[in-house]
Structure formats: C-alpha cells, structure tokens
Amino acid sequence: MKSLSFSSIFICLIFSCGPREKVSKEVFEEVNKNMEVKRLLEVDILDEAMIWGDSISIEEQNNLIANLQKAIEDGGLENAISYCNVNASKIVEEGLNNPEINIRRVSTKNRNPSNKPDEDEAPILDAYAYNVENNLQTDPSIQKIEDGEVYLYTKAIIFPGGICQNCHGDPTSEVSLGVQEVLKEKYPADRALGFKKGDLRGMWSIRIPKKEVVKRL
Ligand code: HEC
C-alpha cells in the first residue's frame with residue numbers, strides 16, 4: 001500500500017510538473033516582457049508629469065506676478081490685496097484650461113486658511129522646510145497618490161523679497177500700515193507676514209491625473 005501511494009505521487013509529479021514547468025516558463029517570460037514595457041512607460045509618464053508640472057508652475061507664477069503688478073499699477077497695494085483676495089486662487093485654477101488638473105499654493109504660514117496643506121501635502125512641505133533650514137537643495141518632486149492614479153507635483157516657493165515684501169515682509173519696516181489694516185480686515189488669522197528673502201514661503205501643489213499625462217505621450 002505504502003509503495004503504491006508513493007509511486008502514484010511520483011507519477012503524478014512527473015506528469016504534472018513537466019508541462020506546468022513549460023507553461024510557467026512561457027508565462028514568466030511574457031510577464032517579464034510586459035513588466036519591462038510597463039516599467040519603461042511608468043518612467044516615461046513620470047518624466048512627462050515632472051516636465052508638465054514644471055511648466056505649469058512657471059506659467060502660473062508668471063501669470064500671478066503679471067496680474068499682481070497690473071493690480072498695483074491700477075490702484076496701489078491696497079487694491080492689489082482685494083484683487084488677490086478674489087482672484088489669486090481663480091487665476092491659479094483657471095490659468096490651465098484643464099479642469100482635471102488641480103493646482104494650488106499651500107503654506108503652513110498661510111494668509112488664507114484655505115491654503116493650508118492637506119494630509120498629502122503636509123509631509124512634503126515639511127521636507128522642503130527642513131531642506132531650506134539646512135541649506136539643502138529643494139528640487140521639485142512627484143509623488144503618486146490615490147492608488148497611483150494621480151501624480152502630486154510639488155515645488156517649493158522660496159520667498160524672493162522684492163515686490164512680495166510689500167504684503168509679506170517685515171511689518172515694522174516693509175509692509176505699510178495701510179496695507180496691514182486691509183490685511184487685518186480681510187484675513188483676521190493672517191500668518192503670512194515677516195518673510196525674509198530665502199525663506200520658504202510655501203509650495204506649488206499640482207495634482208495631475210495619470211490618464212491626463214498619458215494623453216500627452
Ligand atoms: C498686494 C499684496 C500682495 C503681494 C504684493 C503679494 N502677495 Fe502673496 N498673497 C496676498 C494675499 C491677499 C494672499 C491671499 C490670497 C487668497 O486669499 O487666496 C496671498 C497669498 C499668497 C500665497 C498663498 C499662501 C497663503 O499665504 O495663503 C503665497 C504662496 C504667496 N502669496 C506668495 C507671494 C509671493 C511669492 C509674492 C511675490 C511674487 C506675493 N505673494 C506678493 C497678497 C500679496
């Protein structure tokens with residue numbers, strides 16, 4: 001009895017393992033081939049998302065500055081505050097003409113509380129803050145979120161001084177009392193004063209669905 005069951009297992013192994021091994025080799029090669037293709041695509045998609053994120057953030061930054069300058073010329077800084085209040089997020093949102101892409105500027109020292117980083121953004125912003133404090137590089141980054149379906153492009157906004165000081169600089173010497181008054185009225189919880197050139201002001205946060213990136217390739 002014993003030897004019979006042994007031999008039947010043995011026979012079973014010969015017959016079942018032989019063909020299965022062949023199949024699994026083919027499957028293995030097939031999977032491997034697909035993986036290579038997939039890996040390549042994944043890299044290409046990520047590269048493209050990075051290029052796109054870079055160009056969106058540059059374009060939007062230029063767009064904002066141009067609009068800000070115009071608002072200041074038209075009616076001075078106080079007017080520009082009202083303008084930012086109503087339009088900053090709108091310019092940022094609509095500049096793209098692609099409703100699938102969500103773009104915002106976030107900061108822990110925010111003026112508008114709705115620009116507070118969310119749970120995906122907060123750790124990245126912390127990392128930029130750490131890098132700036134320690135004089136390390138702050139290159140833009142891409143993270144996969146929402147099960148890999150969305151790419152989150154982020155880029156640190158380093159405070160450049162200049163025109164920005166008028167509304168975000170030192171309240172004792174750079175921001176006029178008139179401007180401070182309007183700011184207090186519109187933003188009672190304002191935390192966006194006292195920035196110095198080189199400080200981390202916040203970051204661009206651009207959510208790009210993977211399918212939108214794939215369309216561009
Ligand atoms: C005329 C005043 C004014 C000037 C000049 C100005 N800002 Fe602002 N900034 C504002 C206002 C007002 C808001 C809040 C906008 C809103 O309600 O979303 C703001 C918001 C921001 C935010 C979003 C985060 C937050 O604090 O809510 C960033 C980032 C920012 N500004 C950076 C800059 C930079 C960089 C410059 C120079 C290029 C600049 N600002 C120049 C008034 C100004």
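As the structure lists them, so they are numbered: ligands from 1, and atoms in each ligand from 1. Bear in mind the structure is a predicted one, so any value in this text is a computation, not a measurement.
Taking the salt bridge (charged side-chain N to carboxylate O under 4.0 Å, His left out) definition, one finds that K144 meets it with E42, sequence neighbours left out.
Distances from atom 10 (C) of ligand 1 to the heavy atoms of R105, R111, Q61, R104 show the closest one on R111.
If you check the side chains of S107 and R201, you find a donor sitting under 3.5 Å from an acceptor.
With a 4.0 Å heavy-atom cut-off, ligand 1 is reached by the side chain of L68 but not by its N, CA, C or O. With a heavy-atom cut-off of 4.0 Å, Y187 touches ligand 1 through its side chain alone. Looking at K186 against ligand 1, nothing comes within 4.0 Å, counting heavy atoms.
Contact analysis puts C167 in contact with ligand 1, with a non-hydrogen atom separation below 4.0 angstrom.
A cation-pi geometry, defined here as NZ or CZ lying under 6.0 Å from the six-membered ring centre and within 45° of its normal, does not hold between R104 and W204.
Checked against a 3.5 angstrom limit, the closest N/O atoms of N166 and ligand 1 fall outside it. The N/O atoms of R201, backbone and side chain alike, include one that comes under 3.5 Å of an N/O atom in ligand 1. Below 3.5 Å of separation, one finds no N or O of S107 facing any N or O of ligand 1. Of the N or O atoms in N112, one or more lie within a sub-3.5 Å distance of an N or O in ligand 1.
A side chain to side chain contact (heavy atoms under 4.5 Å, CB included) with I142 holds for exactly one of L46, L152, I45; it is L46. Put simply, the residue from I206, T154, D54 that forms a side chain to side chain contact (heavy atoms under 4.5 Å, CB included) with P140 is D54.
No side-chain donor-acceptor contact under 3.5 Å links E121 to the backbone of S205.
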